[in-house]
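Structure first, commentary second.
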Amino acid sequence: MAASTAPTSGWLRGKVKAVLSGDCLVIMGSTRAEIPPEKTITLSSLIAPRLARRGGVDEPFAWDSREYLRKLCIGKDVTFRVDYTVPSIGREFGSVFLGDKNLALLVVSEGWAKVREQGQQKGEASPYLADLLRLEDQAKQQGLGRWSKVPGASEAAIRDLPPSAIGDPSNLDAMGLLAANKGRTMQGIVEQVRDGSTVRVYLLPEFQFVQVFVAGIQSPSMGRRAPVETVVESEVTTDEPNGDASAEPRPQLTSAQRLAASTTSSTEVSPDPFGREAKHFTETRVLNRDVRIVLEGVDKFSNLIGSLYYPDGDSATDLASELVENGLAKFVEWSANMMEEDAKRKLKTAELKAKRDRLRIWTNYVPPVTNSKAIHDQNFTGKVVEVVSGDCIIVADDAVPYGSPLAERRVNLSSIRSPKLGNPRRDEKPSPYAREAREFLRTRLIGRQVNVSMEYSRKVSMADGPVPTAGTADSRVMDFGSVFLVSSSKVEGDDTTPSPAAGSQPAGTNVAELVIARGFGTVIRHRDFEERSNYYDSLLAAESRAISGKKGIHSAKDPPVMHITDLLTTSAKKAKDFLPFLQRSRRLPAVLEYVLSGHRFKLLIPKETCSIAFSFSGVRCPGRGEPYSEEAIALMRRKILQRDVEVEVETVDRTGTFLGSLWESKTNVAVTLLEAGLAKLQTSFGADRIPDIHLLAQAEQSAKRQRLKIWENYVEGQEIANGSAAESKQKEVLKVVVTEVLGGGKFYVQTAGDQKVVSIQQQLATLNIQDAPVIGSFNPKKGDIVLAQFSADNSWNRAMIVNTPRGAVESPTDNFEVFYIDYGNQEIVPYSRLRPIDPSVSSAPGLAQLCSLAYIKVPSLEEDFGQEAAEYLSEHTLSSSKELRAMIEERDTSGGKVKGQGTGTVLIVTLVDVEAGSSINAAMLQEGLARLERRKRWDTKERQTALDQLEEFQTKAKRERLKMWQYGDIQSDDEDSAPPVRKAGGRR
């Protein structure tokens, strides 16, 4: 056949929405309107075989004719024009082109329609009539389509239609059909769309004409139609009984006529908002299309409930999901219960998104006032650090840095409620099975990895639990979600099945389902508008099993009773009365219920049915509000909160807190704190009474070497941590500048940043230094404070006269020995470099402070390596830019008043080079320029520990035979030996 040329201008463009018969199409316009205009076009001058009405019989080849045209052009873009109209029947006849091919010519050439040479009126004919007649003759000659010459072909081309179930449910065994096809995919062709979620389908190959409600959803209603509309569009054909060309086409109502009829009918109900849009949405996707149907169930009225999938390119698309995602249907629980869990969750999630985006039917949707804004980070993974109750846990989010305020997230299990634990402080006793519910979750979740899917937030009353409230002062917003225990196998002893992964849905065992299945909670009956768990039906099923199995709160038996003595709320005397019971067993099993601070906890001792306050022996963390206190608490929460532990109680203090050691998985927990640099070891408790003391000491030393947390400013050789709190606070630390180094480990310092230093310097800078005084007019004496010019830089400074020339001053060159009271230097200057000073300047005490290195003995300048020691000390301290800290260990007042260099009160200090991060004391030991001083006066616990720490530096110098150790060990001086023990029997 020669193809006709497609028109190029003055024609309309559209898309074929439906094919009603072998010669009739519904074409919708190519516009952006939600519901574009439509035209029903009958191909000009054609008469196709008539399809059967309900209960009728097809004309021969009617189905084949319709199928040819349907498969040829359904859903495709076409170009068309109206050739003529017949006003009496309200029908339009036209020419339709698919690409460059005339559909009428194609249909006739295949023998699926006959040509009507002329209509009732002049001009009622196709412009391509001549071509149509020519092609019809060719089809007849070749016996194509309805012109087949095969014997019995006409009879075989009539469908054997079973009775229609539409309008007469007795014609369909719905349950039998479901049973025969449950889980199977059925092929069908959608013949009519009643509304967005209801379709009428021919099930192939039997041609059962059934109505199917799309499972899990409901679109807005199309209302009730007027009685005059009794014919479905798929039944509109010609009325001729024998194919006579002169027969009138059967009347068909236009859209305007249907609308007019609907407005005049007393039984008409207008469509719901977006009802027409939903129907059109479905029509454009499934009407007259090949679809796949999976029957899900049958309702009590024998209506078929099923999922419907339509072709979309190379894949199949779920109609229900598309409708819900586009805001043209809502999720319906009763029919969704018939579906698989994955499909149901997908619909529920799609509805939540449509609500948030306020799409179409949700345009005016306002979340209930009890619901907060969308939860941040809907899905996350982490470890359970605490089980608050049977329906609330705290999870440490893996994606949030450790120590961050958002690291731990409270998750309330969606749609369930467990018994309340009560409040001992308000004298509220736990509800039956409340403790059992929490213990059930604790043993299964603590420390375990979970996937969390946050679902909704709700404002709840603090008194009534998760019941919506509005604007009450005693309410707070709580976040709800589903929690899945990551496990490769079924949780032992639990009546649930791990949920399979579904797209972005988490995998594992649903924790809420675990709780409900064991009878430790109930499922909340939500109101229609309330959001709920995405796994609500599984929870209901688990609750049903628990009820039938009479488990937990559903049991007829009396709930278990456990009386716990809470020693935290009792007197210290009662706590002491429990001490013998807790000391009977060397180690007791316990559950760590609460972290009160980094080193203090609340423990439940099941064997003794009591809860106690417990603290580590000899280990202390920073107090509340101090640096690293919160980090210590966070570490203990992650490591041991609600874990099964072992505890060894040694004693109880005056506040009723029990002291001892605690192990988790055979690990001493105090070691963990010390290793992390979040605690200090306090030997004042009595090291011999602490188990694993050697491990604790090693852990603390490791943290010190790495300068972790509280040891970040720790300096080797400087011991500031091991005394009692009172002793540590008494130690004074000064920021100093070394101004002069003497022999024997002594030196002078000024306090850096001291306002006195600044004031004196300013006063000296304002002085008007006169010429040298006339001999005899100025006679400085020993002990006087004068101005002296320092020979090294010619600066004028306050100085004390230490020695004067014998007799009276006779010459400007007569020498005076002076001591610079603000720097500690001492030199001899001539009389000409001295000046009298105003009393207002001289009266202030000298700024130079004499110090000596603590715990070590440095050789004097006259002894071997004395000069080297002084040079080393000068080299590492004499610099105004050097930042030094002096920790005062002791004050030695045996030097009397200041009379010159090396006299006066001596501060015994540990001198720390802040930049180097080490003490000068330890450095000199390590260089072999000093040795430990073991005089009796240092032998306190604190100072003995300091000596022990410095010992390693001396040992290193000895081992390498450095400086004073080059010939081996040095014989101790008499002063380093302890005095002999006096014999009893009186005083000498």
Side-chain angles (χ1 to χ4, degrees), residues 15-19 26 28 66-67 69-77 177-178 180-219 234 277-298 303-332 335-351 353-354 359 500-505 534:
K15 180 176 290 187
V16 178
K17 175 181 176 182
V19 178
V26 177
M28 58 183 181
R66 203 288 292 266
E67 282 297 275
L69 186 58
R70 182 184 73 84
K71 293 179 179 178
L72 184 65
C73 64
I74 189 70
K76 295 182 180 178
D77 292 321
L177 183 65
L178 174 65
N181 296 279
K182 180 68 174 177
R184 291 179 55 236
T185 298
M186 305 177 70
Q187 302 299 322
I189 299 176
V190 176
E191 289 298 304
Q192 184 185 2
V193 175
R194 196 192 78 171
D195 57 48
S197 57
T198 309
V199 296
R200 290 171 178 173
V201 186
Y202 273 129
L203 298 178
L204 303 178
E206 289 81 8
F207 288 103
Q208 285 180 296
F209 192 47
V210 298
Q211 182 165 274
V212 178
F213 293 86
V214 181
I217 67 169
Q218 181 178 331
S219 289
S234 61
E277 289 82 355
K279 180 183 178 184
H280 175 76
F281 183 92
T282 300
E283 285 177 335
T284 58
R285 285 157 177 78
V286 303
L287 183 59
N288 289 167
R289 311 294 178 98
D290 295 301
V291 296
R292 292 191 293 113
I293 296 173
V294 178
L295 294 181
E296 308 285 2
V298 175
N303 293 312
L304 294 173
I305 313 297
S307 298
L308 190 149
Y309 302 88
Y310 65 90
D312 185 11
D314 296 331
S315 61
T317 300
D318 180 13
L319 176 63
S321 294
E322 287 290 293
L323 284 165
V324 174
E325 286 174 3
N326 285 276
L328 292 171
K330 64 179 181 179
F331 176 79
V332 178
S335 63
N337 290 341
M338 303 175 184
M339 305 169 67
E340 293 184 355
E341 284 299 317
D342 292 347
K344 180 180 173 181
R345 284 197 296 271
K346 184 177 179 182
L347 292 179
K348 181 65 175 175
T349 302
E351 184 186 61
K353 185 177 184 303
L359 296 178
S504 61
Q505 296 297 333
N534 290 339

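The shown structure was predicted, so the numbers you read here are calculated from the model rather than taken from an experiment. Basis for what follows: all heavy atoms, side chains included, without hydrogens, waters or symmetry-related copies. Quick note: residue numbers are just sequence positions, from 1.
In this structure, Leu287 and Ala18 approach most closely via the heavy-atom pair CD2-CB, 3.6 Å. Taking each heavy atom of Asp290 and Pro311 in turn, the nearest pair found is O-CD, 3.0 Å. Arg194 and Phe213 get closest at one heavy-atom pair: NH2-CE2, 3.9 Å. Heavy-atom minimum distance, Glu296 versus Ser307: OE2-OG, 2.7 Å. The two residues Ile217 and Val332 have their closest heavy-atom pair at C-CG2, 3.5 Å. Between Ser219 and Leu328 the shortest heavy-atom distance is OG-O, 3.0 Å.
In this structure, Asn303 contributes its side chain and Val298 its backbone to no donor-acceptor pair below 3.5 Å. Proximity of a side-chain donor or acceptor of Asn181 to a complementary backbone N or O of Arg184 within less than 3.5 Å is not detected. With hydrogens and angles ignored, the 3.5 Å screen pairs no side-chain donor or acceptor of Ser197 with any backbone N or O of Val214. A donor-acceptor pair under 3.5 Å is absent between the side-chain atoms of Arg289 and the main chain of Val190, judged by distance alone.
Residues satisfying the ring-ring contact (aromatic ring centres under 6.0 Å, His included) test with Tyr309, not counting sequence neighbours, are none. When the side-chain hydrogen bond (donor to acceptor under 3.5 Å, both in side chains) test is applied to Lys17, the partners found at least two apart in sequence or on another chain are Glu38, Glu283.
Distance NZ/Lys348 to CG/Asn534: 7.0 Å, rounded to 0.5 Å. Separating the CG atom in Leu295 from the OG1 atom in Thr185 is a distance of 10.0 Å, to the nearest 0.5 Å.
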Side chain to side chain contact (heavy atoms under 4.5 Å, CB included) between Phe281 and Glu277, worked out
CA-CA 6 Å; Phe281 183 92; Glu277 289 82 355; over 6 Å; no
One pair to check against side chain to side chain contact (heavy atoms under 4.5 Å, CB included): Asn288 and Glu191. What are the steps and the verdict?
CA-CA 6 Å; Asn288 289 167; Glu191 289 298 304; 4.1 Å; yes
Side chain to side chain contact (heavy atoms under 4.5 Å, CB included) for Thr284 and Met28? Distances and angles first, verdict last.
CA-CA 9 Å; Thr284 58; Met28 58 183 181; 3.6 Å; yes
Passes side chain to side chain contact (heavy atoms under 4.5 Å, CB included), Leu304 versus Leu177? Steps please.
CA-CA 9 Å; Leu304 294 173; Leu177 183 65; 3.8 Å; yes
Run the side-chain donor-acceptor check on residues 316-324: report pairs under 3.5 Å with partners two or more places apart or on a different chain.
unit_1: Thr317; atom_1: OG1; unit_2: Asp312; atom_2: OD2; d: 3.3
unit_1: Asp318; atom_1: OD1; unit_2: Ala320; atom_2: N; d: 3.2
unit_1: Asp318; atom_1: OD2; unit_2: Ser321; atom_2: OG; d: 3.1

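Aromatic ring pairs are classed by plane angle as parallel below 30°, tilted from 30° to 60° and perpendicular above 60°; the pair Tyr202 and Phe207 is perpendicular.
For the pairing with Val291, the side-chain contact (heavy atoms from CB on, under 4.5 Å) check across Val199, Leu308, Val212, Ile189 returns one residue only, Leu308.
A 6.0 Å sphere centred on NZ of Lys182 holds more than 12 heavy atoms belonging to other residues, nucleotides or ligands.
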